[in-house]
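The chains referred to below are lettered A, B, ... by the order of the sequence lines, with proteins before strands, and numbering in each begins at 1.
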Amino acid sequence: MTLQSDTVAKLDPEILSLNSVSLWQITWHRLFRRRSAVVGLCILGILVFIALTAQWLAPYDPTRSMLDVDPPQKIKARSAPCIHLLGCPEDQPQHLMGTDGNLRDQFSRLLYGSRLSLMVGFSTVTFAIIIGTVLGAIAGYFGGWWDNAIMRIMDVLLAFPSLLLAIAIVTVLGPGLINALLAIGIVSIPAYARVMRASVLSVREMDYVSATRALGGNNLQILFNRILPNALTPLIVQGTLGIASAILDAAALSFIGLGAQPPTPEWGSMLGAERNQVFTAPHLVFYPGLMIMLTVLCFNLIGDGLRDALDPRLAQLS
Amino acid sequence: MKRNISVLLSLMVLASLVLAACGSAATTTSATEAPATMAPATEAPATEAAPTEAPIPDVSIATFDGTSLSVPAEECNGDYIGAIQSVVATDENTVTFTLCRPDPAFLSKIAFSPFSIYPSEWLETASATDRLEKPIGTGAYVVSEWSRGDSITFTANPTYWGDAPEAETLVFRWSSESAARLLELQSGTVDGIDNIGPDDFDTVRNDSNLALLERPALNVFYIGMTNTFAPFDNQGVRQAIAMGIDRQRIVDNFYPAGSEVASHFTPCAIPNGCTGDDWYEFDAAAAKAKLAEAGFPDGFSTKLYYRDVVRGYLPNVSTVAQDIQAQLKENLNIDAEIVVMESGAFIDASGTGSLDGLYLLGWGADYPHITNFLDYHFGAANPQFGNQSDTYTNLLVEGAQIGIPADAESIYVEANNAIREYVPMIPVAHGGSATAYRADVTNPQAAPLTNEYFAVSDPGGRDVFVWMQNAEPISMFCADESDGESLRACEQVTEALYSYVVNGTDAVPALAESCTPNEDLTVWTCALRQGVTFSDGTTFDAADVVATFNMGLNIASPTHVGNTSTFFYYDYLWGLMKKPGA
């Protein structure tokens, strides 16, 4: 025994030192070495900062029409951006991104919009992950009749194009942001259930699971203490990428008027409301579109980075 | 590792909860309550409709024998509420209309495109598809192909009795986006487009290749209220809202040039339309005081319903709705939650008076007469504003029977003032709209009744005239349509006894050479144009006129079928020949 451990220590001291480093530390380490993932994390950081501090950053109330301002400002609906630093006359009120059709400050609306989009992304995916994980775990662990019943329902859900199914659900429940969230959450469940089931199936046969069973662990203990933690990695990747598509779906629903209702500052509905002004007031379409793109991009970059970082086959330990 | 995962998971849940809390603060509570509000709105029409669809169906009281359509004369004083007692082919080229009561607007009504004349044989034998998609008329064009979802192609009618159309082929296309329509016009793929986006007026004006035509504002946009729901049952509340909305601000900021603030419900271009006092001046302080006096010093919560469609009277519906919402909050402290409804459901619910809040709707003139505005909306039988007031319903019935506008003026002064006092709704604007054409199109039109007639327009010498409008026609059997996009297409193919002068509102003879009334305006005798043939080759005569009115009015006739078979305009302008079942 002593001889053996001595040999190992002599042969590869680096491996020994790694034993004290957890998987998550390695993952973070790898993630930060991928430039694209770092860019994604930076964008996300900025977005979260904007979302948390919107009420201090925004110069105006996002739902306030400039027509209410006393004395009346010299400004028209859908006026172009006016930035004093860039030569806009001082007697005009400053609107960094111009005003929208209702003479509201576009910049303020954009800032508040980040709250909604992040909220949409995190809450729908959390909802879908919780439900999907439970369903997938039950299907994978117990197998047989459970597996068949749950996974066939998931297959049916997967067979619909997700946005169409979401539209159908919203039509039944009625338009509104919460219903849109629910719809997007429901249509994302199958992806997580599948991933979870696949992981559970492979982990279930591992020796340490058998060992726990031999030591008298019951199903719940095995599922939650042994299987779930080890099946979680692909779920995290899937979830990060899922946030991006959830945000995109919510924006699409709002664009066609089924999601956030006016005057809520939501990027998709801002885009939809001004879509006919693409030539006369391009700033009203450009900025919300840009924000949606950036948000989706950052989650996609992080998701890709996480996938590579968590994949043992791509392991470059040093 | 296990601990790390659970920490990560709980962090994620925590983060989403925090964000959800932040988000809902910014969104207003409207979103969460949306399902609850939608449910009654969509279900309401069904429950409301139940009593009107009584278990006993209406019975037909018409008799038709090929040359004569009539109801017994005594029914005019009984349960029959229709206007036509009989339509008789006196001889091959003469048709006599006998009315139950005088109708000075007869010619304006008879010229309306739903009352176009179809061949009697075709009405009996045409297949359902032909009926809806390839109508037979006497007009300058015939339908050669309707490619659903894409376009309708018309070709010149070789046997047309009038001047041959300028362009051999006419094509109708459609797009609901104003930016897309303008793009097509700029690229030269279409010759004319309808409803320029309000922000694009200057773009078109500054383009030397295009011509902009402003359409006179023969319409009205109003904020409706149903006075069977609290708090709108309180006249003080309705008056307060009427004073508390700055209508000038809405027109100045959200309407195109050529629009005006509505001083009355009816546009001033229509005789007697603007008689009586002007609408309430905007006065936020007085409105607030009025609302307090009515028992709501702190305002109240309600809903603001609308359908998200573009119409000439309301080109920016969502923007205007949000501005009204902001004004209600600012001036009266009324919290109005916006509820966007599907167009059909919205029309059903508002028409039956089952919307429990404010709603945004409007009206475009069908025919240029004050009865088309006031009688339709404020007649005793219309439930859309709840209970109508006797102070004006009786006056309207009286005014409708007077032929010369000047004689009816004093009645309409009184009626308009009574409506102003009662506030069943708030008229906001008469919306200007515009069409645009390529500069080389001759005789470009922006018809006040939105019935552009393209046979008289030459597309710069090209063989094909392409027109792009907002939407696809629903069907082309316009006797049973009420949608302007459909009626415009029918206008090219079918003709009525009279028609409106191109780009105007005066009724001029078309298939009739003249229609002359008797002394008390109850009997109209129409001498028909001779030598006219339908596009299927059959000859036009008096029997076709009687058969057409039989199709529209006689609910027992086998030809009384169409797209929905409601025959809206026959019912609304003449009244179907029926009475309630025993």
Side-chain angles (χ1 to χ4, degrees), chain A residues 22-24 48 51-52 54-55 62-65 67-68 76-78 100-104 112 115-116 118-127 129-130 173-181 225 228-230 232 236 239 257 259-266 273 275-281, chain B residues 1-2 4-6 8-9 12-13 15-28 30-39 41-42 177-180 182-183 197 199-200 202-203 246 249 252-254 308 310 316 318-323 325-327 330 337-342:
Chain A
S22 80
L23 171 67
W24 297 104
V48 171
L52 292 176
Q55 67 254 54
T63 57
R64 182 178 191 187
S65 165
L67 290 168
D68 289 338
K76 298 285 290 175
R78 305 195 175 98
D100 73 356
N102 276 82
L103 286 95
R104 292 172 298 214
Y112 275 89
R115 284 188 175 181
L116 274 176
L118 291 183
M119 188 265 280
V120 166
F122 283 114
S123 54
T124 51
V125 169
T126 311
F127 170 82
I129 283 190
I130 292 173
L173 296 177
L177 190 62
I178 300 298
N179 290 343
L181 297 191
N225 294 340
L228 268 188
N230 292 295
L232 216 52
I236 289 164
Q261 296 297 297
T264 314
E266 204 276 340
R275 64 184 182 276
N276 266 320
Q277 270 63 44
V278 67
F279 297 115
T280 46
Chain B
M1 188 173 84
K2 198 170 67 193
N4 278 333
I5 293 166
S6 46
L8 192 81
L9 203 73
M12 229 170 111
V13 173
S16 59
L17 283 177
V18 168
L19 278 163
C22 287
S24 56
T27 58
T28 72
S30 69
T32 43
E33 284 167 21
T37 65
M38 279 308 289
T42 43
E177 306 294 332
S178 67
L182 182 60
L183 206 59
D199 292 337
D200 293 327
D202 284 334
T203 317
D246 184 352
R249 154 174 157 176
D252 285 350
N253 288 289
F254 311 119
D308 200 1
V310 173
N316 277 319
S318 150
T319 319
V320 169
Q322 291 177 57
D323 196 58
Q325 182 188 43
Q327 288 201 33
E330 171 97 6
E337 176 198 328
I338 283 182
V339 183
V340 186
M341 292 176 68
E342 190 274 319

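- For the side chain to side chain contact (heavy atoms under 4.5 Å, CB included) test with A:Ser65, the passing option among B:Gln325, B:Gln327, B:Arg249 is B:Arg249; the others fail.
- In terms of the salt bridge (charged side-chain N to carboxylate O under 4.0 Å, His left out) criterion, B:Asp308 has no residue partners (sequence neighbours excluded).
- The parts of B:Thr319 that come within reach of chain A are both its backbone and its side chain, each placing non-hydrogen atoms under 4.5 angstrom from that chain.
- Proximity to chain A is limited to the side chain of B:Glu330, based on heavy atoms less than 4.5 angstrom apart.
- When all heavy atoms of A:Asn102 and B:Phe254 are compared, the pair lying nearest together is CA-CE2, 4.1 Å.
- Looking at B:Glu337 and A:Gln261, their side chains never come closer than 4.5 Å, going by heavy atoms from C-beta outward.
- Scored by the salt bridge (charged side-chain N to carboxylate O under 4.0 Å, His left out) test, B:Asp252 finds no partners at all (sequence neighbours excluded).
- Checked by atom type and distance alone, the side chain of B:Asp199 never pairs as donor or acceptor with a backbone atom of A:Thr280 at under 3.5 Å.
- Neither the backbone nor the side chain of B:Leu182 comes within less than 4.5 Å of any heavy atom in chain A.
- Here the CG atom belonging to B:Asn253 is positioned 10.5 Å from the CZ atom belonging to A:Arg78, to the nearest 0.5 angstrom.
- Of the atoms belonging to A:Leu103, it is side-chain heavy atoms, and not backbone ones, that fall under 4.5 Å from chain B.
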